[in-house]
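One structure below.
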Amino acid sequence: MIPTLAAMLASIEATPLDQLAFVWFLACTLGYNEIASLPALARRSLIGAIQRQRVRWMANMAARGDRFVDIVLVGNLANGNSFFASTSVILLGALSALLGSGEKGQAIIAGLPFATQASPLLWNLKILVLMAVFVYAFFKFAWAFRLAHYTMIMVGATPIATQATAGVCAEHAGRTARLAGLAGEHSNLGLRAYYFAIAGIGWFLHPLLFIATTTWVLLIVLRREYFSRSLRAIAGSSL
C-alpha cells in the first residue's frame with residue numbers, strides 16, 4: 001500500500017518530504033483510531049469513563065417516574081452534533097471553492113519565509129485531504145445526531161418503574177446506555193477529525209510543519225483522553 005501511495009504522490013510532483021508528511025498523517029489519524037478502539041485501552045480512556053457514567057445515568061432514569069429531564073439532556077447533546085454536522089457542510093463548500101485556485105492561494109502565503117511552493121495537483125490534493133476529513137466528520141456527527149434521537153425514544157419507551165418491572169427496566173436501561181454510548185463514540189470520532197483537520201492546515205505552508213502539527217495534535221488527543229484532569233475527575237476511584 002505504501003509503495004502505491006508513494007508512486008501516486010510522486011506522480012503529482014510531491015517531494016519526498018511531502019510524501020513522508022502525508023504518510024505520517026495517515027498513520028497518526030487512522031492508526032490512533034484503530035489502537036484507541038481496543039477494548040483494554042477504551043476502558044481506561046475518557047470515553048470509557050463517560051460510558052460508565054451513562055450506565056449509572058440510565059439506571060437512575062429507569063428508577064424515576066418522570067423522564068422529561070433525561071430527554072432534555074439527550075436533546076441538548078443531539079443539538080451539539082447537529083451544529084458540527086452543519087459546520088462540516090459549510091467547510092466543505094468553502095474548501096471546494098479553493099479547488100483549482102493553487103496559484104492564487106500560494107500567492108497569499110508566498111510572503112511567509114518558510115512557505116514552500118507546490119504544484120497545482122499537489123495543492124488540490126491538500127484540499128481534497130481536508131475535504132475527506134470533513135466528509136468523515138459530517139457522517140460521524142450526522143449519525144451521532146440520529147443516535148441521540150433514538151436514545152430519546154428509548155428513554156421515552158422505558159417501562160414505568162414498579163417492583164414487578166424492575167428487571168425489565170434495568171435491562172432496557174442497559175440497552176439505552178449502550179445506544180447513548182454509540183452516539184458519544186461517533187461524536188468523539190467527529191471531533192477527533194476536526195482536531196486533525198487543524199493539523200492538516202500546516203501542510204499548505206511546509207511539510208515539516210505538517211508533521212509537527214500532526215504530532216502536536218496527536219499528543220493533545222492522547223493527553224485529553226488518557227491523562228487529563230477531566231478523566232481523573234470523571235473516573236474517580238474506578239480509573
Side-chain angles (χ1 to χ4, degrees), residues 5 21-37 42 45-47 50-51 54 72-102 104-105 108-109 118 121-153 179-205 209-225 228 230:
L5 180 61
F22 185 50
V23 170
W24 175 243
F25 177 77
L26 291 179
C28 289
T29 53
L30 303 180
Y32 181 83
N33 284 345
E34 287 297 319
I35 294 173
S37 65
S45 70
L46 184 60
I47 303 303
I50 283 290
Q51 181 58 21
R54 286 194 190 97
V72 170
L73 291 174
V74 178
N76 288 335
L77 297 176
N79 290 335
N81 292 322
S82 175
F83 169 78
F84 279 108
S86 301
T87 302
S88 300
V89 173
I90 294 172
L91 291 171
L92 283 169
L95 288 170
S96 64
L98 293 176
L99 285 172
S101 62
K104 294 181 181 179
I108 296 175
I109 64 175
L121 287 175
L122 181 57
W123 174 270
N124 287 336
L125 174 64
K126 295 175 181 180
I127 295 175
L128 288 172
V129 168
L130 283 183
M131 290 180 69
V133 172
F134 285 119
V135 166
Y136 173 86
F138 167 78
F139 278 105
K140 288 299 178 183
F141 284 121
W143 186 232
F145 177 74
R146 294 304 305 157
L147 289 175
H149 275 267
Y150 299 153
T151 302
M152 284 189 282
I153 294 171
L179 185 61
L182 288 173
E185 178 183 335
H186 284 276
S187 180
N188 183 62
L189 288 171
L191 280 175
R192 197 180 291 164
Y194 266 67
Y195 293 155
F196 283 106
I198 293 173
I201 297 173
W203 198 11
F204 289 90
L205 301 177
L209 182 61
F210 186 27
I211 294 174
T213 53
T214 300
T215 306
W216 174 63
V217 168
L218 178 63
L219 292 174
I220 287 177
V221 172
L222 273 171
R223 182 188 175 279
R224 289 184 176 179
E225 295 192 354
S228 64
S230 301

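In what follows, every heavy atom counts, from backbone to side chain, and hydrogens, waters and symmetry copies are set aside.
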Would you give me the side-chain donor-acceptor pairs under 3.5 Å for residues 87-96, sequence neighbours excluded?
unit_1	atom_1	unit_2	atom_2	d
Thr87	OG1	Phe83	O	2.8
Ser88	OG	Phe84	O	2.9
Ser88	OG	Tyr194	OH	2.8
Ser96	OG	Leu92	O	3.3
Ser96	OG	Gly93	O	2.7

Can you tell me how far the [atom1] atom of [X] sits from the [atom2] atom of [Y], to the nearest 0.5 Å?
{"X": "Leu77", "Y": "Ser82", "atom1": "CG", "atom2": "OG", "result": "12.5 Å"}
{"X": "Leu128", "Y": "Leu98", "atom1": "CG", "atom2": "CG", "result": "11.0 Å"}
{"X": "Glu34", "Y": "Thr29", "atom1": "CD", "atom2": "OG1", "result": "10.5 Å"}
{"X": "Leu125", "Y": "Trp203", "atom1": "CG", "atom2": "CH2", "result": "4.5 Å"}
{"X": "Ile127", "Y": "Leu122", "atom1": "CD1", "atom2": "CG", "result": "10.5 Å"}

Can you sort out the partners of Ile220 under side-chain contact (heavy atoms from CB on, under 4.5 Å), two or more places apart, ordered by chain and number?
->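 side-chain contact (heavy atoms from CB on, under 4.5 Å) list for Ile220, sorted by chain: Trp216, Arg224.
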Taking only residues two or more places apart in sequence or in another chain, which ones pass side chain to side chain donor-acceptor pair (under 3.5 Å) with Gln51?
->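 Here the qualifying residues are Arg54.
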With side-chain hydrogen bond (donor to acceptor under 3.5 Å, both in side chains) as the test, would you mind laying out the steps for Thr215 and Trp24 before giving the verdict?
-> CA-CA 9 Å; Thr215 306; Trp24 175 243; 3.0 Å; yes
Please assess Phe25 against Val217 for the test side chain to side chain contact (heavy atoms under 4.5 Å, CB included), listing each intermediate value before the final yes or no.
-> CA-CA 10 Å; Phe25 177 77; Val217 168; over 6 Å; no
Is it true that a side-chain atom of Ser187 and a backbone atom of Gly184 form a donor plus acceptor pair closer than 3.5 Å?
->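 No: the side chain of Ser187 does not pair with the backbone of Gly184.
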Which pairs with one or both residues in residues 191-201 pass salt bridge (charged side-chain N to carboxylate O under 4.0 Å, His left out), sequence neighbours excluded?
->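 Passing the test, one end in residues 191-201: Arg192-Glu225.
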Apply side chain to side chain contact (heavy atoms under 4.5 Å, CB included) to Phe204 and Phe210, showing your working.
-> CA-CA 8 Å; Phe204 289 90; Phe210 186 27; over 6 Å; no
Give every donor-acceptor pair under 3.5 Å between a side-chain atom in residues 129-151 and any protein atom, sequence neighbours left out.
unit_1	atom_1	unit_2	atom_2	d
Lys140	NZ	His186	ND1	3.3
Thr151	OG1	Leu147	O	2.8

For the pair Ile201 and Thr213, evaluate side chain to side chain contact (heavy atoms under 4.5 Å, CB included) and give the outcome as yes or no after the intermediate values.
-> CA-CA 9 Å; Ile201 297 173; Thr213 53; over 6 Å; no
